[in-house]
Amino acid sequence: EVRLSESGGGSVQAGGSLRLSCTASKFVFSTYCMAWFRQAPGKEREGAAGFSFIGGGDVPYYADSVKGRFTISQDNAMNTVYLQMNNLKPEDTAMYYCAALFCGTVAERNVKLWGQGTQVTVSS
């Protein structure tokens, strides 16, 4: 599987919620850690949330800008990772990409597979 199956983007008002979904093959899902990146027009792509190993344990990573509002979760039986986004702000507007990466730092250099991206637009 070279393309992750991604969905859930859309347009919402500020304060609203969306849930993104990404499904991978069993092999990919069991081999790599899953994460969500995002890129706004004119800005660098950044890691928003992801699973990683810190201090030898499994610890979810969140960018400071989304802490307390976004939650990453996964359903192992369905090989699916989710990003629940609550209290959305206009600055959350971006293309969101699912990614399968080596289970270290949530960074582009560690990404093995990218999703096609799903647009999230938050209006005032």
Side-chain angles (χ1 to χ4, degrees):
E1 185 83 2
V2 298
R3 173 179 168 275
L4 305 175
S5 182
E6 186 174 2
S7 63
S11 299
V12 298
Q13 296 287 119
S17 299
L18 286 172
R19 187 178 71 164
L20 308 183
S21 300
C22 174
T23 300
S25 69
K26 181 181 297 184
F27 173 78
V28 169
F29 202 81
S30 63
T31 300
Y32 303 103
C33 289
M34 305 301 293
W36 292 92
F37 290 75
R38 66 182 186 179
Q39 185 171 29
K43 296 187 177 181
E44 296 291 316
R45 183 154 55 186
E46 64 174 354
F51 292 105
S52 63
F53 298 118
I54 300 178
D58 299 312
V59 181
Y61 164 84
Y62 296 100
D64 289 342
S65 58
V66 309
K67 285 181 179 177
R69 300 187 299 118
F70 290 11
T71 302
I72 186 171
S73 63
Q74 61 186 37
D75 185 332
N76 294 325
M78 298 298 295
N79 304 319
T80 300
V81 62
Y82 303 95
L83 185 66
Q84 179 66 46
M85 304 182 293
N86 297 325
N87 191 25
L88 284 161
K89 305 175 180 180
E91 50 262 46
D92 294 318
T93 295
M95 185 72 73
Y96 284 71
Y97 299 90
C98 180
L101 43 72
F102 299 115
C103 296
T105 303
V106 177
E108 291 195 29
R109 66 177 181 273
N110 291 326
V111 174
K112 177 67 174 180
L113 294 172
W114 289 102
Q116 80 284 359
T118 184
Q119 179 68 39
V120 171
T121 302
V122 185
S123 62
S124 300

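All heavy atoms count here, side chains included; hydrogens, waters and symmetry mates do not.
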Any donor-acceptor N/O pair, Asn110 side chain to Leu101 backbone, under 3.5 Å: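 Between the backbone of Leu101 and the side chain of Asn110 there is no qualifying donor-acceptor contact (under 3.5 Å).
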
Backbone of Glu6 reached by a side-chain donor or acceptor of Gln116 within 3.5 Å: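 Answer holds: yes.
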
Taking only residues two or more places apart in sequence, or in another chain, which ones meet [X] in a side-chain hydrogen bond (donor to acceptor under 3.5 Å, both in side chains)?
{"X": "Gln39", "result": "none"}
{"X": "Glu44", "result": "none"}
{"X": "Thr80", "result": "Thr23"}
{"X": "Ser11", "result": "none"}

Residues forming a side-chain contact (heavy atoms from CB on, under 4.5 Å) with Ser123, sequence neighbours excluded: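 Result, side-chain contact (heavy atoms from CB on, under 4.5 Å) vs Ser123: Gln13.
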
With Ala49 via side-chain contact (heavy atoms from CB on, under 4.5 Å) - residues at least two apart: Tyr62, Ile72, Leu83

Those residues that, when tested against Lys43, pass salt bridge (charged side-chain N to carboxylate O under 4.0 Å, His left out) (two or more places apart):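 Applying salt bridge (charged side-chain N to carboxylate O under 4.0 Å, His left out) to Lys43 gives none.
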
Listed partners of Arg69 passing salt bridge (charged side-chain N to carboxylate O under 4.0 Å, His left out), at least two apart: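 Checked Arg69 against salt bridge (charged side-chain N to carboxylate O under 4.0 Å, His left out); matches are Asp92.
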
Listed once per pair and sorted, the ring-ring contact (aromatic ring centres under 6.0 Å, His included) pairs that draw on residues 65-96, sequence neighbours left out: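 For residues 65-96: none.
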
Full working for side-chain contact (heavy atoms from CB on, under 4.5 Å) between Met78 and Ser21: CA-CA 11 Å; Met78 298 298 295; Ser21 300; over 6 Å; no

All N/O donor-acceptor pairs, side-chain side in residues 29-36, below 3.5 Å, sequence neighbours left out:
from: Ser30; atom 1: OG; to: Lys26; atom 2: O; distance (Å): 2.9
from: Ser30; atom 1: OG; to: Phe27; atom 2: O; distance (Å): 3.2
from: Thr31; atom 1: OG1; to: Phe27; atom 2: O; distance (Å): 2.7

Set of ring pair (Phe, Tyr, Trp, His ring centres under 6.0 Å) partners for Phe37, sequence neighbours left out: Trp114

Any pair counted as salt bridge (Lys or Arg N to Asp or Glu O under 4.0 Å), so long as it reaches residues 97-114, sequence neighbours left out: Arg45-Glu108

For Ala94 against Gln119, the heavy-atom pair lying closest together: O-NE2, 3.4 Å

Step-by-step side-chain contact (heavy atoms from CB on, under 4.5 Å) determination, Val81 to Leu4: CA-CA 11 Å; Val81 62; Leu4 305 175; over 6 Å; no

